[in-house]
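Below is one structure, written out as structure tokens; comments come after it.
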Amino acid sequence: MSPVVLSVPEVVTSHYVIATSEPPADPYAVVPWRVPEPFRKPAIEALKTPRLGVFTVDAGEATWRLDDVLASDEDQRRIRESSHQILLVHQALTVEQPHREQVARAVARALADATGGVLIDPQARQVLLRDGLARAERGWFRMGDQWFGTRYEVDEAARRPGTAGGGDVTACACLRITLLGLRRFGLPDLVIDKVACTQDLPALNLLRAVASRLLTDQWRWCRERPARPTRSLDDHPKIEPDDFWAFWGATPFLDGSPVVTRLTAASAAILQVAPPDGYAGTVADWSREVLAPALPPLVGCPADEDSAHARSAGGGV
């Protein structure tokens with residue numbers, strides 16, 4: 001085993017795009033009073049500095065791609081038909097994350113509300129939802145609040161007939177899953193490759209749990225060693241059930257067990273997640289034999305705070 005060395009950037013950059021046909025004459029003027037506490041004061045301060053810029057362009061002149069973002073049919077239509085796009089560019093010290101990023105996204109939400117626009121997160125390649133309990137930024141950071149998107153890529157040559165109908169899943173290795181959005185926090189995106197299409201949920205939940213561990217360790221490192229430009233990772237970390245539940249900000253309500261995985265730096269922007277050295281089977285075998293029993297079979301999970309909110313409002317849990 002050998003450590004993986006990651007660069008820890010001093011400054012990170014993120015972007016948000018609002019697709020709208022009602023661009024404001026002065027976007028800076030419509031924002032501050034729409035940003036909720038506890039982000040209003042830091043938003044006002046950030047808007048006075050170069051680290052948070054807002055730019056409006058004609059949709060036809062935009063140079064960034066939005067055709068592959070995850071969005072509903074209605075939001076895709078609204079993006080296509082919008083006349084303008086508002087670009088928010090944000091820079092922050094890594095040591096100041098995640099609070100600074102929450103401030104930036106709160107400003108982006110305010111712009112989307114003010115213009116009736118569709119709020120897009122290009123780094124996570126998804127539209128941010130405008131309804132539900134998490135439509136406003138929380139006072140605390142929850143990783144599961146649409147900070148990370150997923151990209152599914154299918155290699156048809158690696159697909160095996162019959163797998164979608166419950167056939168031999170060990171023969172299929174067609175799926176590559178990428179967890180997007182970590183780069184805004186100074187970390188590489190995560191990839192797991194050669195996944196059987198019937199075993200995507202355990203693999204995705206592993207990526208989320210690994211992201212939770214990496215983020216927690218990154219922020220601790222930055223607080224304790226703010227001047228260190230690199231840090232070493234164990235290339236065979238033991239991912240605990242608590243890492244999965246921390247991603248959702250929830251108290252465990254299903255059993256789980258630790259998983260040892262292998263991390264490889266595929267590039268400066270990609271960290272590969274795979275079975276540990278010594279495991280003799282395929283990724284599909286590993287997903288079925290190890291990941292599925294160890295990780296809760298949950299597509300999503302409300303935060304403890306959401307459950308308390310629902311009870312106080314008279315709703316069920």
Side-chain angles (χ1 to χ4, degrees), residues 12-24 27 52-91 101 104-132 134-135 143-159 164 174-185 187-193 195 197 200-201 203-204 207-208 211 266-271 299-300:
V12 288
T13 302
S14 64
H15 304 84
Y16 297 94
V17 175
I18 298 94
T20 180
S21 293
E22 302 175 12
L52 185 57
V54 182
F55 312 92
T56 302
V57 300
D58 290 340
E61 297 177 358
T63 58
W64 44 86
R65 288 184 58 214
L66 299 178
D67 57 324
D68 65 340
V69 298
L70 180 64
S72 67
D73 291 344
E74 173 62 15
D75 282 338
Q76 289 174 346
R77 180 192 64 77
R78 294 175 64 201
I79 293 170
R80 289 193 304 270
E81 296 178 358
S82 63
S83 63
H84 290 76
Q85 292 178 10
I86 303 171
L87 175 65
L88 185 147
V89 182
H90 174 242
Q91 289 187 322
E101 195 62 30
R105 200 168 79 168
V107 171
R109 286 187 189 275
L111 282 167
D113 288 343
T115 63
V118 179
L119 176 55
I120 302 156
D121 179 349
Q123 286 165 301
R125 307 308 297 171
Q126 63 187 0
V127 165
L128 292 173
L129 301 180
R130 298 185 64 186
D131 54 5
R135 70 173 300 275
M143 301 174 206
D145 283 342
Q146 280 200 287
W147 289 105
F148 308 107
T150 53
R151 176 188 295 137
Y152 279 52
E153 299 169 275
V154 177
D155 179 2
E156 294 294 344
R159 190 193 290 271
C174 70
L175 197 58
R176 176 184 176 92
I177 306 175
T178 305
L179 192 70
L180 302 163
L182 282 156
R183 279 185 266 179
R184 80 178 96 230
F185 300 118
L187 287 167
D189 289 331
L190 300 177
V191 170
I192 186 167
D193 205 0
V195 176
C197 51
D200 64 312
L201 183 57
L204 174 59
L207 293 185
R208 288 168 169 167
S267 69
I270 294 291
L271 201 59
V299 175

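The two atoms that bring S82 and A59 nearest to each other are O-CB, 3.4 Å, heavy atoms only. Here the closest non-hydrogen pair linking R183 and A269 is NH1-CB, 3.6 Å. Annotation for Y16 and P122: closest pair CA-CD, 3.9 Å, computed over non-hydrogen atoms. Here the closest heavy-atom approach between residue C197 and residue C174 is recorded as CB-SG, 3.7 Å.
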Evaluate side chain to side chain contact (heavy atoms under 4.5 Å, CB included) for V89 paired with H15, printing each intermediate quantity in order.
CA-CA 5 Å; V89 182; H15 304 84; 3.8 Å; yes
Derivation and outcome, side chain to side chain contact (heavy atoms under 4.5 Å, CB included), residues R125 and T178
CA-CA 11 Å; R125 307 308 297 171; T178 305; over 6 Å; no
Give the C-alpha distance, both sets of side-chain angles, the deciding distance and a yes or no for side chain to side chain contact (heavy atoms under 4.5 Å, CB included) between V12 and F185.
CA-CA 7 Å; V12 288; F185 300 118; over 6 Å; no
Could you go through the side chain to side chain contact (heavy atoms under 4.5 Å, CB included) check for L271 and V191 one step at a time?
CA-CA 6 Å; L271 201 59; V191 170; over 6 Å; no
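Distance check, rounded to the nearest 0.5 Å: CG of L119 to CZ of R105 gives 8.0 Å. The CD1 atom of I18 lies 5.0 Å from the CG atom of L111; values are rounded to the nearest 0.5 Å. We find the CZ-CZ distance between R80 and R77 to be 8.0 Å, quoted to the nearest 0.5 Å. Distance check, rounded to the nearest 0.5 Å: CG of L88 to CD1 of I120 gives 13.0 Å. Expressed to the nearest 0.5 Å, how far CG of L180 lies from CZ of R151 amounts to 5.0 Å. For the atom pair L70 CG and Q146 CD, the distance stands at 8.5 Å (nearest 0.5 Å).
Between R184 and D121 there is a salt bridge, since at least one side-chain N of the basic residue sits less than 4.0 Å from a carboxylate O of the acidic one.
Between the side chain of E22 and the main chain of G116, no donor-acceptor pair closer than 3.5 Å is present. With hydrogens and angles ignored, the 3.5 Å screen pairs a side-chain donor or acceptor of D189 with a backbone N or O of L182. At least one donor-acceptor pair under 3.5 Å links the side chain of T20 to the backbone N or O of T115. Remark: the backbone N or O of I79 is not paired with any side-chain donor or acceptor of Q85 at under 3.5 angstrom.
E153 pairs by the salt bridge (Lys or Arg N to Asp or Glu O under 4.0 Å) definition with R176, not counting sequence neighbours.
Using a 4.5 Å heavy-atom cutoff, the side chains of Q123 and S14 are in contact. Put simply, the side chain of V107 does not reach to within 4.5 Å of the side chain of H90, judged on heavy atoms. Proximity of V57 to W64: side-chain heavy atoms (C-beta onward) are separated by under 4.5 Å at one or more points.
Under the side-chain contact (heavy atoms from CB on, under 4.5 Å) test applied with F148, the options L207, L179, L190 reduce to a single match, L179.
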